[in-house]
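Input: a single structure, listed below in structure tokens.
Just so you know, ligand 1 is whichever comes first in the structure, and atom 1 is the first atom listed for that ligand. All values reported here derive from a predicted model rather than from experimental measurement. Along the sequence shown, the residues carry numbers beginning at 1. What you see below is based on every heavy atom in this structure, not just the backbone, and it leaves out hydrogens, waters and symmetry mates.
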Amino acid sequence: MNLEVVILAAGQGTRMKSKLPKVLHPLAGKPLLSHVVSNAKKLGAQAIHVVVGHGAEQVKNAVGDFTVNWVVQEQQLGTGHAVAQAMPLLSKDSIALVLYGDVPLTSVETLKGLLHKVDEQSMALLTVNLANPTGYGRIIRDTQGQVQAIIEEKDATVEQRKIREGNTGILAVPSRKLQEWLPRLSTNNAQGEYYLTDTIAIAVAEGMPINAVVAHTEEEVQGVNSRQQLALLERWYQLQKANELMAQGVSLADPARLDIRGQVSVAQDIFIDANVLLEGNVSIGEGVCIGPNVVIKNSVVGEGVTILANSVIESAEIEAGCQVGPFARLRPGTHLAQGAKIGNFVEIKKAYIGVGSKVSHLSYVGDAELGKEVNIGAGTITCNYDGANKFKTEISDGVFVGSNTALVAPIKVGENATIGAGSTLSRDVEPNTLVVARAITRVIKDWQRPTKKK
Ligand code: UD1
Ligand code: CA
């Protein structure tokens with residue numbers, strides 16, 4: 001049977017104390033709702049319907065996904081009412097899987113396991129055993145262990161509240177049945193809401209088997225209601241990611257002090273020191289060593305590269321054997337060829353640094369192309385911008401640029417040229433020449449400094 005996913009995301013999230021709709025709060029750098037949508041996509045659903053209400057426009061724009069159907073629930077009258085809003089869009093002969101926009105970390109394996117337990121004649125329910133079930137609907141089973149009903153905490157008796165098996169809210173059910181049952185829900189309960197959970201008792205009354213699947217961990221079905229819960233889930237998620245990396249041969253100075261906000265692919269024998277942040281798509285080659293407080297975003301780091309403390313790297317390609325940092329900043333469009341070295345307080349932007357070339361201290365190299373074995377002295381600046389347009393600096397193989405040189409682009413420096421320290425160059429340099437463009441030194445002997453007038 002075809003699968004259709006309904007994601008409930010209309011609630012306000014009062015306890016977040018935020019102007020931002022709850023489902024847009026980020027976990028691992030991505031809105032909660034985006035985690036749920038991307039999981040739903042991995043299930044091969046024929047359609048995904050997202051029920052939005054509070055901040056509907058903001059949610060749609062932020063998630064920006066045109067492959068899902070957005071359904072607006074004007075008033076939040078309960079989970080049963082929310083699902084009902086999506087029903088006109090569902091085909092009768094599909095299975096509907098209900099997920100929640102604020103339950104971000106359910107594993108695809110768990111959801112697939114749940115979907116194995118549903119068909120035209122039965123319903124599947126994801127439950128969880130909880131150390132502290134406060135706030136959850138309780139699963140009521142009969143003496144044979146068959147699920148009979150879900151009772152919301154506010155409607156439960158003292159005895160029922162002792163039950164540790166909680167309702168995750170996630171369930172899978174034939175759409176045809178939901179279409180029959182939802183109009184039969186009432187608001188005759190403690191919260192005056194249409195409870196989706198009441199469909200369980202209706203199913204049982206009709207003799208439909210309820211297959212309960214128990215989640216592996218509490219965290220994977222944990223909803224986010226407060227910033228504290230969000231922080232706890234973030235740490236849990238990050239620990240899973242750290243464990244995955246270690247299983248692949250990465251050593252971490254402290255698994256609790258690595259943050260991954262995206263996709264990271266790694267080779268073996270990598271060392272990552274404390275407080276490293278990896279964002280977007282990052283690929284790290286064998287033997288790479290990453291120092292403390294390093295940020296790497298959307299970059300490729302080749303084999304044997306060393307990145308020293310406090311470097312910030314974005315949209316860069318770093319070939320094998322390079323050394324970067326400490327305190328280096330590689331901005332988008334940086335490409336370091338094999339064995340290049342970028343030292344402290346150096347900023348590189350949209351530049352190719354050739355094989356074995358070095359920019360060791362305090363320089364800005366932007367819109368530039370450097371050949372092999374170029375040496376850029378401390379304090380060198382490529383003056384790439386005239387206030388309106390950007391211009392390119394081209395430096396050929398073997399060039400030596402003395403310290404504190406300003407290269408006013410557009411400019412080309414020929415092979416093996418040498419530039420004297422302190423030069424300001426605004427025209428091309430011939431190969432194999434020495435150019436010194438600095439003021440001539442004047443020496444005045446026995447110079448008397450001015451004295452203060454009385
Ligand atoms: C719900 C379940 C409860 C379960 C718990 C797990 C019901 C009646 N209760 O309770 O059994 O243990 O989740 O966390 O289903 N929503 C809408 N529109 C609405 C109401 C809710 O979109 O009109 C969305 C909310 O944004 C939220 C989700 O549905 O993402 C759950 O709603 P919430 O009010 O938090 O339900 P709980 O009381 O937690
Ligand atoms: Ca909730």
Side-chain angles (χ1 to χ4, degrees), residues 5-16 18 20-25 27 31-33 35-37 40 49-56 58-60 70-87 97-106 125-130 132-140 147-156 160-161 163-171 173 178 181-182 185-202 210 212 214-215 218-226 229-230 233:
V5 179
V6 179
I7 301 174
L8 305 190
Q12 184 172 20
T14 324
R15 278 181 282 163
M16 295 299 281
S18 177
L20 190 67
K22 177 165 76 174
V23 292
L24 292 184
H25 279 258
L27 184 140
L32 294 172
L33 179 56
H35 285 269
V36 185
V37 170
H49 314 278
V50 185
V51 181
V52 286
H54 274 279
Q58 205 181 342
V59 173
K60 283 190 227 175
W70 297 97
V71 181
V72 177
Q73 183 193 24
E74 298 290 350
Q75 270 185 300
Q76 283 69 59
L77 304 178
T79 48
H81 180 261
V83 174
Q85 306 313 298
M87 288 320 287
L97 170 67
V98 179
L99 301 177
Y100 298 81
D102 58 356
V103 181
L105 299 182
T106 319
L125 185 66
L126 188 65
T127 72
V128 60
N129 290 315
L130 298 152
N132 174 10
T134 306
Y136 280 79
R138 306 297 205 281
I139 306 295
I140 312 296
V147 174
Q148 292 301 301
I150 297 173
I151 304 290
E152 290 306 297
E153 179 163 274
K154 288 183 178 143
D155 300 291
Q160 286 168 331
R161 285 186 193 189
I163 296 169
R164 291 276 181 87
E165 189 180 9
N167 173 32
T168 66
I170 295 172
L171 51 81
V173 52
L178 265 187
W181 298 335
L182 291 176
L185 296 180
S186 83
T187 56
N188 187 16
N189 53 53
Q191 300 182 81
E193 289 181 0
Y194 295 99
Y195 289 166
L196 178 63
T197 44
D198 284 348
T199 58
I200 305 298
I202 300 178
I210 314 285
V214 183
E218 281 186 35
E219 288 85 353
E220 70 163 325
V221 295
Q222 174 76 59
V224 172
N225 297 303
S226 64
Q229 283 175 334
L230 179 58
L233 272 195

Find the distance between CG (Leu130) and CD1 (Ile163) and round it off to the nearest 0.5 Å. 12.0 Å
So which of Glu152, Gln222, Gln73, His54 gets nearest to atom 3 (C) of ligand 1, if we judge by its closest heavy atom? Glu152
Does Gly223 come within less than 4.0 Å of ligand 1, judged by its heavy atoms? no
Close N or O approach (Leu196, ligand 1; < 3.5 Å): no
Thr79 neighbourhood, listing ligand 1 atoms whose heavy-atom distance to it stays under 4.0 Å: 7 (C), 8 (C), 15 (O), 20 (C), 21 (C), 29 (O), 31 (C), 32 (O)
dist Asp155:CG -> Tyr195:OH (nearest 0.5 Å) comes out at 4.0 Å
Relative to the heavy atoms of Tyr195, which atoms of ligand 1 are at a distance of less than 4.0 Å? 8 (C)
Measure the distances from the heavy atoms of His81 to every atom of ligand 1 and state whether one is below 4.0 angstrom. no
I'd like to check which ligand 1 atoms, numbered from 1 as shown, lie under 4.0 Å from a non-hydrogen atom of Gly137. 3 (C), 4 (C), 11 (O), 12 (O)
Any side-chain heavy atom of Leu182 within less than 4.5 Å of one from Met87? yes
Taking only non-hydrogen atoms of Gly78, do any sit less than 4.0 angstrom from ligand 1? yes
Taking 4.0 angstrom as the limit and counting only heavy atoms of Asn167, give me the atoms of ligand 1 inside it, by number and element. 2 (C), 3 (C), 4 (C), 5 (C), 6 (C), 11 (O), 12 (O)
Mind checking whether Asp102 has a heavy atom under 4.0 Å from ligand 1? yes
Numbered in order shown, the ligand 1 atoms found under 4.0 Å of a heavy atom of Thr197 are 7 (C), 8 (C), 9 (N), 11 (O), 15 (O)
Taking the side chain from Thr127 and the backbone from Glu165, do they hold a donor-acceptor pair closer than 3.5 Å? no
Using a strict cut-off of 4.0 Å, indicate which atoms of ligand 1 neighbour a heavy atom of Ala82. 17 (C), 18 (N), 22 (O)
Polar contact flag, side-chain donor to acceptor under 3.5 angstrom, Asn189-Lys154: no
Using a 3.5 Å distance criterion without hydrogens, assess whether the side chain of His35 forms a donor-acceptor pair with backbone atoms of Leu27. yes
Examine the proximity of ligand 1 to Tyr100 and report which part, side chain or backbone, both or neither, has a heavy atom under 4.0 Å away. side chain
Calculate, to the nearest 0.5 Å, the distance between atoms CD1 and CD1 belonging to Ile150 and Ile139 respectively. 4.5 Å
Does Lys22 use its side chain to pair, donor to acceptor, with the backbone of Gly11 at less than 3.5 Å? no
Walk me through whether Glu153 and Arg161 qualify under salt bridge (charged side-chain N to carboxylate O under 4.0 Å, His left out). CA-CA 7 Å; Glu153 179 163 274; Arg161 285 186 193 189; 5.4 Å; no
How does Glu193 reach ligand 1, if at all, at less than 4.0 Å between non-hydrogen atoms: by side chain, backbone, both, or neither? neither
For Ala10, which part has a heavy atom under 4.0 Å from ligand 1: side chain, backbone, both, or neither? both
Quick one: which ligand 1 atoms are inside 4.0 Å of a heavy atom on Ala9? 22 (O)
Run the numbers for me: atoms of ligand 1, each under 4.0 Å from some heavy atom of Leu77, listed by number. 23 (O)
Ligand 1 versus Val103, non-hydrogen atoms closer than 4.0 Å: side chain, backbone, both, neither? neither
Please name the residue in the list Val221, Leu32, Ile170 that meets the side chain to side chain contact (heavy atoms under 4.5 Å, CB included) test with Tyr100. Ile170
To the nearest 0.5 angstrom, please state how far the NE2 atom of His54 sits from the OG1 atom of Thr14. 7.0 Å
